[in-house]
Q: 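Have a look at this one before I ask anything.
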Amino acid sequence: MASGRGLSGMGIHRKRGGGSRLPIVLVIFFSVLAPLIFFVGRGLYTSASIDQNDIPSGSSKQNVHWRERLALRYIKSLLSKDVIDVIAASTVDLGPLSLDSLRKSNMSASWKFVGAETSVENNATSEFLACMLIWLSPTDGRSQLVDTPAKQFRRQLRERRREKRAADLVQQDDEAIVKLENAAIERSKSVDSAVLGKYSIWRKENENDNSDSTVRLMRDQMIMARVYLSIAKMKNKPDLQQELQSRLKESQRALGDTAADADLHHSVPEKIKLMGQVLSKAREQLYDCKLVTGKLRAMLQTADEQVRSLKKQSTFLSQLAAKTIPNGIHCMSMRLTIEYYLLPPEKRKFPGSENLENPNLYHYALFSDNVLAASVVVNSTIMNAKDSSKHVFHLVTDKLNFGAMNMWFLLNPPGKAAIHVENVDEFKWLNSSYCPVLRQLESASMKEYYFKADHPTTLSSGASNLKYRNPKYLSMLNHLRFYLPQVYPKLNKILFLDDDIVVQKDLTRLWSVDLQGKVNGAVETCGESFHRFDKYLNFTNPHIARSFDPNACGWAYGMNMFDLKEWKKKDITGIYHKWQNMNEDRTLWKLGTLPPGLITFYNLTHPLEKSWHVLGLGYNPSVDRSEIENAAVVHYNGNMKPWLELAMTKYRSYWTKYIKSRNMDFGCGDLYVDFGCGVIRPTPIAFVHEPACFLSIVPRV
């Protein structure tokens with residue numbers, strides 16, 4: 001240890017004898033770090049000079065590469081690989097220091113170095129040298145990293161950019177909120193407050209958050225009173241039970257049917273106060289979270305059941321109203337019948353009887369027991385026809401309305417058109433031995449099905465079964481459409497019309513439509529899924545499943561052009577009889593004439609343009625007005641017939657404008673005719689043209 005040692009390659013020796021020793025730090029500095037600083041400094045200086053003069057040279061790049069390799073060799077002999085990796089991975093404010101960040105001029109010009117275009121192999125070397133230079137930079141006599149003015153400026157720039165980005169995001173958020181608010185305001189303008197009713201949030205009386213708060217408070221108190229009343233009875237608290245019951249009755253009487261605070265009695269605040277005291281007392285004695293929750297849940301379920309029951313009752317009553325004839329129309333028919341049978345036989349005949357079997361004219365078939373509805377169909381057709389003298393109307397009704405139907409058109413003849421009214425009960429050929437549906441309607445099993453079996457009599461439970469008792473399903477007037485060639489044997493074509501339609505255009509072009517060998521010309525309705533065959537027929541039955549396509553398109557009755565020649569060739573009535581006999585047990589379809597019609601005319605129906613026949617005015621409030629205006633025929637199919645109070649007001653005017661007749665002297669006792677818009681006509685009843693009004697007859701007071 002005492003012997004002298006030297007550092008190879010440096011020419012520095014020690015004497016064996018005494019003398020001063022050089023500190024180890026100075027040895028390291030002069031032998032390693034000083035050359036490193038010298039070479040790297042020269043390299044950086046060269047790089048800066050080249051950058052400033054923009055004169056790159058190949059020899060300078062080679063010198064830089066040589067200096068970097070020499071410096072790296074000395075550094076590697078001094079530090080281990082792990083230490084070099086740690087230094088190379090050291091970070092500054094912008095993250096890990098990399099060669100890319102230096103070469104992309106993210107740092108100031110004083111930190112650039114020669115060799116920016118060198119290969120990727122030199123990345124580690126250059127990165128390490130940059131880290132060492134930062135570590136060795138002397139500032140104020142300290143060898144540590146200190147922010148320079150350039151770094152502080154860059155940091156300020158970054159902070160400004162962050163603030164700007166944050167401000168932009170806030171502004172975008174504010175703009176989005178404003179757009180949403182504007183869109184909500186625009187949507188609110190289209191809200192129909194008349195439809196939403198009192199609880200519409202857009203109505204003025206509800207602008208105040210506390211609107212009708214007293215009414216709501218009373219209702220809440222009554223709910224809690226019922227809960228505690230039940231618990232008091234359960235826990236045998238008779239005094240509290242009686243007190244709660246007394247306060248509850250007082251609140252019920254005070255509230256009644258009131259819906260607004262303004263309608264409440266001035267004594268209500270005192271009753272609210274007394275009820276609050278009783279509820280507070282009940283809470284102290286009876287409150288049990290589990291019990292209260294259970295009672296509230298039970299009350300909610302009970303209320304839900306009541307709502308369902310009321311909905312069923314409402315459905316039942318609406319269907320009942322839709323299937324009945326208003327008193328005014330019934331009374332009118334009775335008086336017309338009396339007047340008809342008082343006429344001498346020679347005055348009961350219509351003119352133009354010679355045209356009834358002329359195949360060159362335009363023939364219409366209309367089967368109805370509603371005099372007023374039939375009159376609108378005939379009047380609307382004639383008023384929109386180009387030449388009424390070429391039109392012939394064949395009306396069939398039942399014996400109850402036969403006289404009234406004749407009398408109406410005798411008093412109100414349809415212009416120059418011919419008209420003929422028949423009684424379905426006088427068709428002797430239409431009997432149970434020939435007609436399967438008539439035989440089935442007369443059978444005991446059918447009567448049991450329609451009137452007794454599984455048909456509860458209560459309002460709430462009978463709503464869904466009322467359709468089975470609809471008189472039209474039991475009337476031969478409804479099934480007579482399958483016997484058109486038998487009723488009109490000498491005609492070639494006939495247009496079948498329902499009594500709940502209105503004609504708005506001339507229909508004569510329908511006779512020139514080529515049905516392409518088909519029997520039935522009708523407008524298809526399969527734009528909606530529920531008008532496919534599988535919605536009307538039972539496809540679990542093998543006869544139905546193998547004979548028809550469940551996705552086949554349905555079509556509508558109401559306006560149908562029938563080719564009676566093709567009808568006879570294809571024996572359409574025979575096809576109908578075959579399937580009607582197979583459905584005696586009602587396993588193929590349940591009711592109505594549309595399902596057997598779809599079966600009978602399967603692959604024998606020619607689709608007409610939709611503008612010929614627009615449906616839905618009896619159930620759909622969203623029928624497009626332009627479609628209605630452009631339609632040749634509009635159909636009030638559904639429960640809301642235009643002659644009923646159930647009718648939709650927006651569609652009624654299309655029907656009422658064709659109620660037109662001469663003054664007639666008949667009434668039903670002492671009655672008025674009420675046209676629904678403030679116009680009262682005293683008896684004798686005068687039927688006049690009131691386009692926007694609803695016709696009904698009310699007793700004279």
Q: Compute both the distance and the angle, then confirm whether R481 meets the cation-pi test with F496: under 6.0 Å from the six-membered ring centre, within 45 degrees of the axis.
A: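 No; the conditions do not both hold, so R481 does not lie above the ring face of F496.
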Q: For G574, does its backbone N or O pair with a side-chain atom of D571 as donor and acceptor, under 3.5 Å?
A: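 Yes.
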Q: Say you draw a straight line from CG of N492 to NZ of K565; how long is it, rounded to the nearest 0.5 Å?
A: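 With rounding to 0.5 Å, CG (N492) is 4.0 Å from NZ (K565).
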Q: Within a reach of under 6.0 Å around NZ of K390, are more than 12 heavy atoms found that belong to other residues, nucleotides or ligands?
A: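 No.
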Q: Hey, which of F482, Y483, W567 is the one that makes ring-ring contact (aromatic ring centres under 6.0 Å, His included) with F562?
A: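 Considering F482, Y483, W567, a ring-ring contact (aromatic ring centres under 6.0 Å, His included) with F562 is found only for W567.
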Q: Donor-acceptor pair, distance only, cut-off 3.5 Å: does the side chain of K650 make one with the backbone of P621?
A: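 Between the backbone of P621 and the side chain of K650 there is a qualifying donor-acceptor contact (under 3.5 Å).
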Q: Taking all heavy atoms of S333 and all of A404, pick out the closest pair and write down the distance.
A: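 That would be O-CB, 3.3 Å.
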Q: Quick check: are there more than 12 heavy atoms from other residues, nucleotides or ligands sitting under 6.0 Å from NZ of K578?
A: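 Not more than 12 within 6.0 Å, no.
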Q: Flag the pair Y364 / W511 as yes when their ring centroid distance falls below 6.0 Å, and as no otherwise.
A: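 Yes: the rings meet the under 6.0 Å criterion.
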Q: Under a 3.5 Å cutoff, is there a donor and acceptor pairing between the side chains of N538 and N541?
A: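 No donor-acceptor contact under 3.5 Å links the two side chains.
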Q: Among V378, L356, V421, exactly one meets side chain to side chain contact (heavy atoms under 4.5 Å, CB included) together with F393. Which residue is that?
A: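 For F393, the side chain to side chain contact (heavy atoms under 4.5 Å, CB included) test succeeds with only one of V378, L356, V421, which is V378.
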Q: One pair to check against side chain to side chain contact (heavy atoms under 4.5 Å, CB included): N560 and L495. What are the steps and the verdict?
A: CA-CA 6 Å; N560 305 82; L495 184 65; 5.8 Å; no
Q: Counting the benzene-type ring for Trp, do Y341 and F402 have ring centres under 6.0 Å apart?
A: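 Not close enough - the centres of the two rings lie 6.0 Å or further apart.
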Q: Please confirm whether the backbone N or O of E305 pairs with a side-chain atom of S309, one donor and one acceptor, at under 3.5 Å?
A: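 No: the side chain of S309 does not pair with the backbone of E305.
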Q: Can you tell me if N583 uses its side chain to pair, donor with acceptor, with the backbone of T587 under 3.5 Å?
A: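 It does hold such a pair.
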Q: Determine whether N358 and N355 satisfy the following criterion, side-chain hydrogen bond (donor to acceptor under 3.5 Å, both in side chains), listing intermediate values before the conclusion.
A: CA-CA 5 Å; N358 185 350; N355 295 328; 4.6 Å; no
Q: Any non-hydrogen side-chain atom of N637 less than 4.5 Å from a side-chain atom of Y557?
A: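 No, side chains not in contact.
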Q: Specify the closest pair of heavy atoms between Y658 and N379, including all atoms of both residues, with the distance to one decimal.
A: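 Smallest interatomic distance, heavy atoms only, reads O-ND2, 3.2 Å.
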Q: Should R308 and D304 count as side-chain neighbours, where that means a heavy-atom distance under 4.5 Å?
A: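 R308 reaches D304 side chain to side chain.
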Q: Looking at the rings of F533 and Y602, which for Trp means the six-membered one, are their centres under 6.0 Å apart?
A: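 Yes.
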Q: Could you tell me which residues satisfy side-chain contact (heavy atoms from CB on, under 4.5 Å) with K399, sequence neighbours excluded, listed by chain and number?
A: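 For K399 the side-chain contact (heavy atoms from CB on, under 4.5 Å) partners, ignoring immediate neighbours, are N423, D425.
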Q: Heavy atoms, side chains only, cut-off 4.5 Å: are M332 and L372 in contact?
A: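 Yes, at least one pair of side-chain atoms sits under 4.5 Å.
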Q: Looking only at heavy atoms, which two atoms of G517 and E566 are closest? And how far apart?
A: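 Minimum heavy-atom contact is O-OE1, 3.7 Å.
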Q: Yes or no on salt bridge (Lys or Arg N to Asp or Glu O under 4.0 Å) for D563 and K569, after CA distance, side-chain angles and deciding distance?
A: CA-CA 10 Å; D563 187 333; K569 288 180 183 179; over 6 Å; no
Q: Report yes or no: does D498 contribute a side-chain atom to a donor-acceptor pair with the main-chain N or O of D500 at less than 3.5 Å?
A: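 Between the backbone of D500 and the side chain of D498 there is no qualifying donor-acceptor contact (under 3.5 Å).
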Q: Can you check whether Y536 and W589 have ring centres sitting under 6.0 Å from each other?
A: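 No.
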Q: Taking it one step at a time, do Y488 and H394 satisfy ring pair (Phe, Tyr, Trp, His ring centres under 6.0 Å)?
A: CA-CA 9 Å; Y488 311 109; H394 302 270; 4.7 Å; yes
Q: Taking G554's backbone N and O only, do any of them form a donor-acceptor pair with K535's side chain (distance below 3.5 Å, no angle check)?
A: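 No, K535 side chain to G554 backbone: no donor-acceptor pair under 3.5 Å.
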Q: Are the side chain of Q504 and the backbone of A631 linked by a donor-acceptor contact shorter than 3.5 Å?
A: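 Side chain of Q504 to backbone of A631, a donor-acceptor pair under 3.5 Å: yes, one is there.
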Q: Just by modelled atom types, is the V503 backbone N or O under 3.5 Å from a matching donor or acceptor in the S380 side chain?
A: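 Yes: the side chain of S380 pairs with the backbone of V503.
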Q: Is the distance between the ring centroids of H577 and Y434 under 6.0 Å?
A: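 They qualify: ring centres under 6.0 Å apart.
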Q: Do K641 side-chain atoms and Y636 backbone N/O form a donor-acceptor pair below 3.5 Å?
A: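 A pair under 3.5 Å: yes.
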